[in-house]
Amino acid sequence: GALQGADRAWEALRNMPVGKAAGPAPQVVRSRYGEASVPASVDVIVCGGTLGVFYAAGLVQRGLTVAVVERGEVKGREQEWNIAWKELEEIVAAGVLTEVEARQSIAIEFNPNRCGFHEGQDVWVENILNLGVKPSALIEKAKQRFLASGGILIENCGLDQVDVYADCVELALSGKEGKRTLRGRLLLDCMGNFSPIVKQLRWGVKPDGVCLTVGTCSRGFKNNTTSDVIYTCEPIDNERQIFWEAFPAGSGPTDRTTYMFTYIDAESSRPSLTEFLEEYWEKMPAYQGVGLEELEVQRVLFGFFPTYRASPLKPGFNRIMQVGDASGIQSPLSFGGFGALARHVERLIDGVSEALETDSLDKHSLRAINPYLPNLSGAWMFQKAMSVDVGTTPPPDIINKLLGANFQTMEGLGDPVLKPFLQDVVQFGALARTLLGVMLSNPALVPKILTSVGPVPIIDWTGHFVALALYDMLHKNSKGLTTFRKKFPMDDQAEFHWNRMLDAWKFGSGNDYK
């Protein structure tokens with residue numbers, strides 16, 4: 001049932017009409033003139049509670065009135081999320097959870113963690129995705145903290161319509177208890193990649209890339225003390241490079257989660273999830289050195305994660321802002337956005353709080369909270385370099401050689417270069433040193449990469465690389481610039497925009513990494 005449903009959605013995405021052929025977009029959000037007949041009853045409405053509850057819990061700690069709307073129940077799944085303690089610390093720093101609550105959600109900890117590529121040397125790192133946390137526990141703790149601080153939770157209630165007025169957003173909701181209306185000053189769309197509001201904004205636009213993922217959590221692995229962050233066992237085949245991840249699971253000493261994934265486009269000829277899962281059953285035993293008959297499958301995992309070059313998604317309406325996966329803030333190399341949530345949660349809570357305080361709730365002001373980030377946009381070339389276009393025949397070993405050379409160079413440069421990259425943080429200095437090291441150590445690889453990736457992505461990436469250098473310079477001089485700026489008084493809204501610019505320089509250059 002669930003696999004077939006996901007496959008129908010994936011097939012619809014691959015075959016979707018684009019541009020004018022898609023017809024008019026559904027009007028889930030409507031812009032209204034004037035003020036609503038009834039004022040807002042809360043400051044913030046968060047639609048999508050599974051990850052939205054983390055933002056809601058942080059916002060309510062700032063003294064804001066917050067309501068969470070979830071079409072089901074706000075609860076996490078049993079399958080663990082893999083993350084590092086450094087990322088959990090970001091959630092603690094934002095006031096979403098206490099350190100004790102965060103540590104209580106950890107099911108297992110393991111080290112070291114392997115990165116390896118076919119016919120290359122393995123690179124071993126410590127404390128990267130080395131914690132298995134229970135979403136069920138983590139989300140429940142955030143939910144209880146939210147409720148204990150006066151938050152309003154509306155479960156089993158779906159979103160039908162949003163009307164945007166000059167003074168509030170008005171949501172038409174329906175659920176088990178019938179229809180109801182909820183008004184707030186700001187709506188945070190945390191409904192993920194398939195949010196109906198995002199669907200309206202991206203109507204007729206195919207994703208630029210997709211991470212197709214399948215896997216299992218199974219019992220019976222005898223060698224189960226280390227993890228694979230990224231690993232390949234073979235060259236390009238069937239216009240795809242197959243990647244693997246594997247992590248010990250907290251449910252038992254021989255329980256292990258293994259993921260098989262690939263980066264592709266959304267062309268109609270790409271495989272279904274069912275076909276990809278069949279490939280997983282064939283290849284996983286050789287990857288892990290275990291027979292299927294030795295394993296007891298606990299759960300089967302699958303999904304597809306569309307990503308767009310135009311990310312983060314710019315707010316298209318006043319008083320509505322996409323957050324998390326709905327905004328595309330996650331790296332195009334990751335599947336699932338919990339790591340990106342952890343990294344950006346405090347920045348977004350600060351930005352939303354100040355936007356409400358200064359009444360900077362028009363779409364142009366909200367775009368300053370989710371601004372252009374050159375390190376995120378530049379990551380697109382990495383995904384492009386790790387994928388194969390339909391109808392092309394690059395050298396079978398090109399992706400493995402590229403990644404092997406990069407990881408060997410980063411290992412030589414040390415943890416300050418390697419660890420941020422493995423946690424989806426791209427920094428100018430680290431990237432420049434890595435590129436220079438690869439060019440010097442593997443000069444013959446460079447023309448092959450340029451040919452494989454193509455001139456247009458290279459030119460596009462070069463612009464982001466230059467912007468990354470500029471943002472890095474601006475952030476490192478931000479204290480002096482702020483001192484100079486204080487000589488010129490600003491009103492509250494101008495101050496809001498200045499603070500968002502400082503955030504953009506910091507996060508867009510990767511200098512938030514601690």
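As a basis for the values below, the full set of heavy atoms in this structure was taken, side chains included, without hydrogen atoms, waters or symmetry mates.
Remark: the E354 side chain and the N499 side chain contain an N/O donor-acceptor pair separated by less than 3.5 Å. In the model, H344 has a side-chain atom that pairs as donor or acceptor with a side-chain atom of R347 under 3.5 Å. Side-chain contact check for N111 and N127: at least one donor-acceptor pair (N or O, by modelled atom type) lies under 3.5 Å. Under 3.5 Å, the side chains of Y471 and H464 contain no donor-acceptor pair of N or O atoms.
With contacts defined as side-chain heavy-atom distances shorter than 4.5 Å, the pair L435/T409 does not qualify.
Note on residues 411-437: pairs passing ring-ring contact (aromatic ring centres under 6.0 Å, His included), not counting sequence neighbours, are F382-F421, F428-F465. Evaluation of the side-chain hydrogen bond (donor to acceptor under 3.5 Å, both in side chains) test over residues 58-71, restricted to residues two or more places apart or in two chains, returns D43-T65, Q61-S149, R62-D350.
Legend: residues meeting side chain to side chain donor-acceptor pair (under 3.5 Å) with D265, ordered by chain and number and at least two apart, are R270.
Under a cutoff of 6.0 Å and an axis angle of 45°, R500 and W505 do not form a cation-pi pair. Cation-pi geometry between K86 and Y513 is met: the NZ or CZ atom falls under 6.0 Å from the ring centre, inside 45° of the normal.
Residues A405 and V438 share a closest heavy-atom pair of O-CG2, 3.9 Å. Summarising the geometry of R319 relative to A166, their closest heavy-atom pair is NH2-O, 2.9 Å, with the distance given to 0.1 Å.
Aromatic ring centroids of F243 and Y259 lie 6.0 Å or more apart. Taking the centre of each ring, F304 and F194 come in below the 6.0 Å mark. Between F54 and F338, the distance separating the two ring centers is shorter than 6.0 angstrom.
Distance alone, capped at 3.5 Å, is enough to place a donor-acceptor pair between the E87 side chain and the A84 backbone.
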Kindly indicate, with the supporting measurements, whether the criterion side-chain hydrogen bond (donor to acceptor under 3.5 Å, both in side chains) is fulfilled by D472 and N511.
CA-CA 7 Å; D472 184 64; N511 280 295; 3.0 Å; yes

D460 and R309: salt bridge (charged side-chain N to carboxylate O under 4.0 Å, His left out), yes or no, with the steps?
CA-CA 11 Å; D460 178 68; R309 286 173 60 189; 3.2 Å; yes

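For the pair R185 and D359, the salt-bridge criterion is met [side-chain N within less than 4.0 Å of a carboxylate O].
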